[in-house]
**Student:** 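Could you have a look at this structure, given as structure tokens, before my questions?
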There are 2 protein chains.
Amino acid sequence: MKTNNPETKERILQAAQKEFAARGFAGARMEAIARGAAINKAMLFYYFSSKDNLYRTVLLGVFSEIFGEIGRFLSPTLTPGLLLEKFPEIYIRFIARHPDLLRIMVFDLIHNPENVTAAMSGIIHDKMAFAPQPFLELITKWHRQGLISEGDPLHFMMNIVALSIFSFIGKPMVEAISGIQIKDDADFFRKRIASVVNVLKRGMLK
Amino acid sequence: MKTNNPETKERILQAAQKEFAARGFAGARMEAIARGAAINKAMLFYYFSSKDNLYRTVLLGVFSEIFGEIGRFLSPTLTPGLLLEKFPEIYIRFIARHPDLLRIMVFDLIHNPENVTAAMSGIIHDKMAFAPQPFLELITKWHRQGLISEGDPLHFMMNIVALSIFSFIGKPMVEAISGIQIKDDADFFRKRIASVVNVLKRGMLK
DNA sequence: TATTATACTAACCTTATGGTTAAACTAATT
DNA sequence: AATTAGTTTAACCATAAGGTTAGTATAATA
């Protein structure tokens, strides 16, 4: 028998990710996804049975990639200085390469946080070899050792992620406010990373 | 003659804002908006001629409210310490009261930044009595006076807004990562504000 | 070569949805 | 009381879009 073509499935997921990122769940068109994957619309239902399910699959993939990237970086031998120095760079550059992932994630964080939380937590524990709980404990230990000023590990984490993520959401906003059009993306991201690292180190390290 | 009922128009805008915030532009249903405003669907088109136009109107309102709140706070007599101390509180508490505004703004920042930039910049210049350009100059002046460490006013601004906004986007994310369910919102926001102010002051003040 | 299971398509179905229309209602004006 | 103009509704329309179906192509197996 012809072996199930994983190529097709992959093509569908790629096209779906693009379409969902560009238009959100409700705005995305199955027809457009099919066109993007160069197949008949019925194939989407053959492989994924419904729009909902296709979306769920894409979403899991997104979380998987994002937290995979983060998990690869975290380790028990980490120091606070190294974390604050390297995380923003890794994260910002990763998202710059895969802006669709952030779009989909943020859309869901805003519109159905309840749904997302469940999907996320499963992935997080799978993909972060160095699991989150020990990570929070590590931060607490750093604080007890007098290495960092922020005592609440949750807010320590939020501050790091917030500054990194906002590079993307905030770019058009800042452009509107300042009236300046950011043309050199590479330069912008370099400066953004420098600023974030600087604020984090000065702001949270002792 | 009966005078055009501005009450109805206002009710429509309120309902529309709610619906657009909950489901995004494509997901929002005109029928649902009509129900929310307790009127016939045709009235939406009578007052706003199209879904697109209704959305645009809502969007302008959103920007108007958000930047109104910000503009009310900014003034030429501001000091860096005061800005970093008060802005996060004002902004976070405002959004906590009007989460719909943030949802709509972020959705658009992510999905059609080009469109948004234009709409925004008009509003910004109207609503910020103390216009943005002088504000950026003020930051530059602070830097020249040796009051702040961050030299680029754009990134100075981004850091402030990023940490404030992320309180909302990031909450479910952090819940998923930590496995902790944040139940006491008031307490969470209080701690969040304290953490943000602390990081900003330590990180960007000299 | 006949069979069979998978991969795939064209055409179709149904419902939901943005948008329209024609008529009714309301209240100020004459 | 009759007119007039803005406001509101019920019923309708066209089409877009998710989903289905029936059938075809392909290739491995017997």
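No hydrogens, no waters, no symmetry mates; every other heavy atom, side chains included, goes into these values. Within every chain, numbering begins at 1; the chains are lettered A, B, ... in the order of the sequence lines, protein sequences first and strands thereafter.
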**Student:** In whole Å, what is the span from the CZ atom of A:Phe45 to the P atom of C:dT9?
**Tutor:**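 Going from A:Phe45 (CZ) to C:dT9 (P), I get 15 Å.
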**Student:** It should be established whether B:Arg29 places a side-chain nitrogen or oxygen under 4.0 Å from OP1 or OP2 of nucleotide C:dG18.
**Tutor:** yes
**Student:** Look at the side-chain N and O atoms of B:Tyr47 and state whether any lies under 4.0 Å from the OP1 or OP2 oxygen of D:dT8.
**Tutor:** yes
**Student:** Looking at residues at least two apart in the chain, or sitting in another chain, which of them share a ring pair (Phe, Tyr, Trp, His ring centres under 6.0 Å) with B:Phe73?
**Tutor:** none
**Student:** Round to the nearest Å and state the distance from A:Phe25 atom CZ to D:dA17 atom C1'.
**Tutor:**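 Whole-Å distance recorded here is 12 Å.
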**Student:** Pairs in or reaching into residues 109-134 of chain A: which pass ring pair (Phe, Tyr, Trp, His ring centres under 6.0 Å), with residues at least two apart or in two chains?
**Tutor:**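 Listed by first then second residue: A:Phe107-A:His111, A:His111-B:Phe107.
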**Student:** With sequence neighbours left out, what residues match B:Lys18 under side-chain contact (heavy atoms from CB on, under 4.5 Å)?
**Tutor:** B:Asp100
**Student:** Going by salt bridge (charged side-chain N to carboxylate O under 4.0 Å, His left out), name the pairs with one or both residues in residues 66-79 of chain A, residues two or more places apart or in two chains.
**Tutor:** A:Glu69-A:Arg72
**Student:** Tell me yes or no: between the side chains of A:Gln133 and A:Glu137, is some donor less than 3.5 Å from an acceptor?
**Tutor:**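 Short answer, no.
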**Student:** Could you tabulate the donor-acceptor pairs under 3.5 Å formed by side-chain atoms of residues 57-65 of chain A, not counting sequence neighbours?
**Tutor:**
from	atom 1	to	atom 2	distance (Å)
A:Thr57	OG1	A:Asn53	O	2.8
A:Ser64	OG	A:Lys127	NZ	3.4

**Student:** Got a sec, which residues hit side-chain contact (heavy atoms from CB on, under 4.5 Å) with B:Asp126, two or more places apart in sequence or on another chain?
**Tutor:**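 Listed in chain order: nothing, the list is empty.
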**Student:** Tell me which residues in residues 30-44 of chain B put a heavy atom below 4.0 Å from DNA chain D, sorted by number, or none.
**Tutor:** B:Ile39, B:Asn40, B:Ala42, B:Met43
**Student:** Partners of B:Asp108 by side chain to side chain donor-acceptor pair (under 3.5 Å), sequence neighbours excluded?
**Tutor:** B:Tyr55
**Student:** Please list residues of residues 52-60 of chain B whose heavy atoms come under 4.0 Å from any atom in DNA chain C, ordered by number; otherwise none.
**Tutor:** none
**Student:** Rounded to whole Å, how long is the line connecting atom OH of A:Tyr46 with atom P of C:dT9?
**Tutor:**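 Going from A:Tyr46 (OH) to C:dT9 (P), I get 12 Å.
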**Student:** C:dC8 phosphate, OP1 or OP2: any side-chain N/O from A:Thr8 under 4.0 angstrom?
**Tutor:**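 So the side-chain polar atoms of A:Thr8 do come within 4.0 Å of the phosphate oxygens OP1 or OP2 of C:dC8, strictly under.
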